J.: 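Dumping the structure here so I can ask a few things about it.
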Amino acid sequence: MSPSFTPARTRGFLRAAAAALALSSVLLTTGCGSSDETDGDGKATAAAPADFPVTVDNCGVRTTYDEPPSRVVTIHQHPAELMLALGLKDRMVGTAFPDSAVLPELKKDYEAIPELAEREPSFETVLDAEPDFVYGGYGSAFDEKEGRSREAFADAGIDTYLNREYCGKKKVTMRDTYDEIRTIGTVFGVPDRADRLVTDLRSRVGKATAAVEGESQVPVFVYDSGDKSAFTAGGKSLGTELIRLAGGENVFADLDDVFGDVSWEQVVERKPEVIAIYDYAGAGSVEEKKKYLLSQPALADVPAVRNKRFVVLPLTATLVGIRSAYAVEDLARGLHPESFR
C-alpha cells in the first residue's frame, strides 16, 4: 500500500481557510475592576486572573465566562491531552478523534473519558454529552458544512474554543503552545497550574537544546505523506521550529506555508540526512512509509535513505499542545544521538 491517502491535505486546506479570518488575540479580563492586558499573540502581560468573569477573544469569537466550564468535550487529541495535563479530567465528559497513542502518563485518565467518535462527532452526538464547552484542535472541529459551526453551538448555549493554530496567524511557534496553555488555564480558573506546566515544558526544551548546543545542524526532510509528490512541513510550521531547537534544519524551511507539496526531485537535490516521519491514523503506517521511501530508486542516493536514518514523530507532537516540547527531545536524540550517550 502506498501512503497516498493524506488527511493532512485537509489540515492544509483548513489552515489556508483559517488564514482568511481576521487575526485575533486573546483578551483576558477580570471582574472587580481589574484587567490583564495581552500582546498581539494573546500572551498575558500580567498574571492570568483567577477571578471571574473572564473574557476571551478566540479566533474572532468573544466569550465571557462567569465561572469555569464544568462539562467539556474535546475534539481531536491535542486539546484532550492539554486539558489532562492541567489536571482537568473531572471537567471532561467526552473526547473524539485520537490521532496516535496517548502520552503514557495521561493514558489512564484519557481512557476513563468516553470517546464520542473515532473522527469528528456529529453535532447531535456532542449535544448528547450535554457539554457547556467544546474545545477543538483542528478547524474541522467546527465544520459549518457538517452542522458543527461555532454559531450552532452558541445557539445551543454551548461555549467553544478553537486551538490558536487555526486563528489565521500563519506562522506557528513554541510561544503559541505556551500561550495556549495559559489561556486554557485562565478559562478554567487554574492559572497557577498552567504556569507550572509551561515552566516544565520550557525546562524540557531547554535541556534538549543544551544537549546539542554547538553541534552542526543536520538537514531534515519531513515526510507527512504522498507518493506522486511529497507532502511536507514548510517554514511556517511548528515542525520547522522543533527541528531547529533540536539541532537540525528543515530542508524545506523556504516553503512559505505551514504544509505544502514538493517534488521528489527537490527532495533529492536538498540531500536530507534525516527524514522525520509524521505518524497518524489514516495516512499509512510508519512501516509502510519507510518501505515506500526505501523502495524508490530515485531516492536511493539521498543520505537519509541510504543510511536509513528516520525519526518518527506522532502528529500530535507537531501541533500546538503539550507534545511539542517532548518532540524537541525526541528529534534531538534522533539527530544527535552521540550527545545523549
Side-chain angles (χ1 to χ4, degrees), residues 7-8 11 14-15 18 26 41-43 58-59 72-89 91-92 95-107 109-110 113 120 133-142 160-167 169 171-188 190 193-205 208 224 233 236-243 245-246 258-259 276 278-281 312-331:
R11 296 201 306 276
L14 290 167
R15 292 176 194 268
V26 180
D41 291 316
K43 182 177 180 180
N58 165 243
C59 299
V72 181
V73 166
T74 57
I75 302 178
H76 304 116
Q77 186 174 331
H78 46 304
E81 290 189 332
L82 196 159
M83 291 279 294
L84 291 173
L86 287 174
L88 297 170
K89 172 192 170 185
R91 316 280 184 94
M92 300 173 69
T95 65
F97 207 153
D99 273 320
S100 53
V102 177
L103 279 173
E105 59 265 39
L106 302 178
K107 186 173 185 291
D109 285 346
Y110 185 88
I113 303 164
E120 290 92 350
F133 184 89
V134 178
Y135 183 6
Y138 303 135
S140 57
F142 302 117
T160 56
Y161 186 93
L162 178 60
N163 186 291
R164 69 183 55 231
E165 191 165 351
Y166 289 86
C167 285
K169 178 187 172 186
K171 187 174 178 64
V172 188
T173 69
M174 282 298 293
R175 178 174 177 174
D176 291 299
T177 288
Y178 304 140
D179 290 351
E180 181 86 354
I181 292 168
R182 287 195 171 105
T183 300
I184 295 300
T186 297
V187 168
F188 285 87
V190 291
R193 294 185 200 173
D195 286 340
R196 287 195 296 271
L197 179 57
V198 168
T199 297
D200 177 69
L201 296 180
R202 284 187 184 276
S203 175
R204 184 180 290 271
V205 172
D224 180 294
K236 293 185 176 179
S237 69
L238 181 57
T240 292
E241 181 171 8
L242 300 181
I243 291 169
L245 290 168
V258 178
F259 279 94
Y278 283 3
D279 180 25
Y280 58 100
V312 178
L313 291 179
L315 177 65
T316 47
T318 70
L319 305 170
V320 172
I322 64 168
R323 288 285 191 101
S324 51
Y326 291 73
V328 175
E329 180 180 352
D330 291 341
L331 276 167

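All values derive from a computational prediction rather than experimental measurement. Hydrogens, waters and symmetry mates play no part in the numbers below; they use all other heavy atoms, side chains included.
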J.: Quick check for you: to the nearest 0.5 Å, what is the distance between F188 atom CZ and L86 atom CG?
T.: 9.0 Å
J.: So do the side chains of M174 and L242 get within less than 4.5 Å of each other, counting heavy atoms only?
T.: yes
J.: Using ring pair (Phe, Tyr, Trp, His ring centres under 6.0 Å) as the criterion, list what pairs up with H76, not counting sequence neighbours.
T.: F97, Y138
J.: If I compare all heavy atoms of Y278 with all of G239, which pair ends up nearest, and what's the gap?
T.: OH-CA, 3.6 Å
J.: Can you check whether Y326's main-chain N or O pairs, donor with acceptor, with R204's side chain at less than 3.5 Å?
T.: no
J.: Check G185 against A194 and note the closest heavy-atom contact, atom names and distance.
T.: CA-CB, 3.9 Å
J.: As an exercise, state the distance from CZ of R91 to CE of M83, rounded to the nearest 0.5 Å.
T.: 7.5 Å
J.: Any side-chain heavy atom of V72 sitting closer than 4.5 Å to one from L88?
T.: no
J.: Please test T199 against R202 for side chain to side chain contact (heavy atoms under 4.5 Å, CB included), starting from the C-alpha separation and ending with a verdict.
T.: CA-CA 5 Å; T199 297; R202 284 187 184 276; 5.8 Å; no
J.: Checking the side chain of S324 only, and the main-chain atoms of V320 only, is there a donor and an acceptor separated by less than 3.5 Å?
T.: no
J.: Counting only N and O atoms by type, is there a donor-acceptor contact under 3.5 Å from the side chain of E180 to the main-chain atoms of R164?
T.: yes
J.: Locate the shortest heavy-atom distance separating R323 from S100; write the atom from each residue and the value.
T.: NH1-OG, 4.4 Å
J.: Do C167 and N58 have side-chain heavy atoms sitting under 4.5 Å apart?
T.: yes
J.: Is the backbone N or O of R182 less than 3.5 Å from a side-chain atom of T186, with the two atoms forming a donor-acceptor pair by type?
T.: yes
J.: Kindly give the heavy-atom pair with the smallest separation between T177 and L319, and that separation in Å.
T.: OG1-O, 4.3 Å
J.: Looking only at heavy atoms, what is the nearest atom pair of A141 and G136, with distance?
T.: CB-CA, 3.6 Å
J.: So does K236 get a backbone contact from the side chain of T240, meaning a donor-acceptor N/O pair under 3.5 Å?
T.: no
J.: Check whether any side-chain heavy atom of D176 sits under 4.5 Å from a side-chain heavy atom of E165, and report yes or no.
T.: no
J.: Identify which one of I243, L331, D279 satisfies the side-chain contact (heavy atoms from CB on, under 4.5 Å) criterion when paired with L313.
T.: L331
J.: Consider side-chain contact (heavy atoms from CB on, under 4.5 Å). Of D99, L315, L103, which one does Q77 pass it with?
T.: D99
J.: Taking the side chain as every heavy atom from C-beta outward, state whether Y280 and T316 have any atom pair closer than 4.5 Å.
T.: no
J.: Looking at T95 and A80, what are the two nearest heavy atoms and their distance?
T.: CG2-CB, 4.2 Å
J.: Does the side chain of Y166 come within less than 4.5 Å of F142's, by heavy atoms?
T.: no
J.: Just to verify, which of V134, T160, L162 counts as forming a side-chain contact (heavy atoms from CB on, under 4.5 Å) with I75?
T.: V134
J.: Taking the side chain as C-beta and beyond, is there a heavy-atom pair between N163 and L82 under 4.5 Å?
T.: no
J.: For a 4.5 angstrom cut-off between non-hydrogen side-chain atoms, does L84 reach E81?
T.: no
J.: Drop me the distance from T74's OG1 to F133's CZ, to the nearest 0.5 angstrom.
T.: 10.0 Å
